[in-house]
Amino acid sequence: FGGAEATDEGLNPRGDVWVLHFDADAGTGQWELLLDDNGGGESTSPGGPPSRNAATLSEIEYIEQAFDGTPPRDGEIRKCFVLQGGWAPFRKTYNDCFVLSVSCL
């Protein structure tokens, strides 16, 4: 989640989410955009945290409530992560936490 990119006006915080599909046997990978932040900066994805740089994203224990209490489907892998802190470069420092729930088949 997040990051920043250099622009003529300085660093633009991002709030997008990407996943890397990696094939260890072939040694290849491909990035997929899961959540578009519409250019970052002050824009945010509906229900998502504000765009930011330098946050931490750490895997945490599985939280069933993060998936609305529905049981996983056969073969579904579910993970939970906590996003904490970060900043909008030179504008705001965040002291907040969000749970990111990810599932795949």
Side-chain angles (χ1 to χ4, degrees):
F1 178 90
E5 62 186 336
T7 68
D8 291 339
E9 293 80 34
L11 290 175
N12 179 40
R14 300 301 306 253
D16 47 6
V17 176
W18 292 82
V19 64
L20 175 62
H21 300 280
F22 184 71
D23 182 336
D25 295 328
T28 59
Q30 183 171 340
W31 286 100
E32 178 186 358
L33 179 62
L34 296 181
L35 183 63
D36 191 346
D37 68 356
N38 301 312
E42 298 301 317
S43 67
T44 60
S45 301
S51 299
R52 62 189 66 205
N53 183 37
T56 61
L57 186 66
S58 303
E59 186 175 355
I60 58 174
E61 185 176 323
Y62 173 77
I63 303 171
E64 189 172 318
Q65 294 85 345
F67 296 91
D68 297 325
T70 60
R73 296 173 285 180
D74 287 341
E76 181 180 14
I77 299 170
R78 291 180 169 182
K79 300 282 184 176
C80 293
F81 301 86
V82 65
L83 174 74
Q84 195 280 320
W87 70 320
F90 309 106
R91 294 188 296 275
K92 181 175 183 168
T93 300
Y94 295 102
N95 184 20
D96 55 7
C97 293
F98 293 86
V99 173
L100 173 64
S101 53
V102 179
S103 70
C104 64
L105 287 174

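Side chains are part of it too, since the values below use all heavy atoms of this structure and drop only hydrogens, waters and symmetry mates. Along the sequence shown, residues carry numbers from 1.
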Query raised in the report: Are any of the side-chain heavy atoms of Gln65 and Val99 separated by less than 4.5 Å?
Result: no
Report task. Check the hydrophobic clustering (I, L, V, M, F, W, Y; side-chain heavy atoms under 4.5 Å; chains of links allowed) and say if Leu57 and Trp18 are grouped together. Result -> no
Report summary line: Nearest heavy-atom approach of Thr28 to Phe22 is O-CD1, 3.3 Å
Query raised in the report: Is it the case that more than 12 heavy atoms not belonging to Gln30 sit under 6.0 Å from its CD atom?
Result: no
Query raised in the report: With the 4.5 Å side-chain cut-off for hydrophobic clustering, are Leu34 and Phe1 part of the same group?
Result: yes
Query raised in the report: When you look at CG of Asp23, are more than 12 heavy atoms from neighbouring residues, nucleotides or ligands closer to it than 6.0 Å?
Result: yes
Query raised in the report: Same cluster for Leu33 and Trp31 if Ile/Leu/Val/Met/Phe/Trp/Tyr side chains link at under 4.5 Å?
Result: yes
Requested in this report: Anything under 30° is parallel, anything over 60° is perpendicular, the rest tilted; go ahead and classify Phe67 against Tyr62.
Outcome: parallel
Requested in this report: Group every Ile, Leu, Val, Met, Phe, Trp and Tyr by side-chain heavy-atom contacts under 4.5 Å, then state whether Leu83 and Leu35 land in the same group.
Outcome: yes
Report task. Can you see which heavy atom on Leu11 is nearest to which on Arg91, and at what distance? Result -> O-NH1, 4.0 Å
Report task. Tell me whether Val102 is reachable from Val17 by hopping between hydrophobic residues (I, L, V, M, F, W, Y) whose side-chain heavy atoms are closer than 4.5 Å. Result -> yes
Requested in this report: Sort out for me which residue in Arg73, Arg78, Glu76 forms a side chain to side chain donor-acceptor pair (under 3.5 Å) with Ser103.
Outcome: Glu76
Report summary line: Nearest heavy-atom contact between Ser101 and Ala66 is OG-O, 3.4 Å
Query - Heavy-atom closest contact (Cys80 atom, Ile63 atom, distance) - result: SG-N, 3.4 Å
Report task. Identify the heavy atoms of Arg52 and Phe98 that sit nearest to each other, and give their distance. Result -> NH2-CE1, 3.7 Å
**Report entry** Pair Asn95-Gln84, side-chain contact (heavy atoms from CB on, under 4.5 Å): steps then yes or no
**Finding:** CA-CA 7 Å; Asn95 184 20; Gln84 195 280 320; 3.7 Å; yes
Query raised in the report: So do Asp96 and Pro49 actually touch side chain to side chain, heavy atoms under 4.5 Å?
Result: no
Query raised in the report: What's the shortest heavy-atom distance between Gly15 and Ser51, and which atoms?
Result: N-OG, 3.4 Å
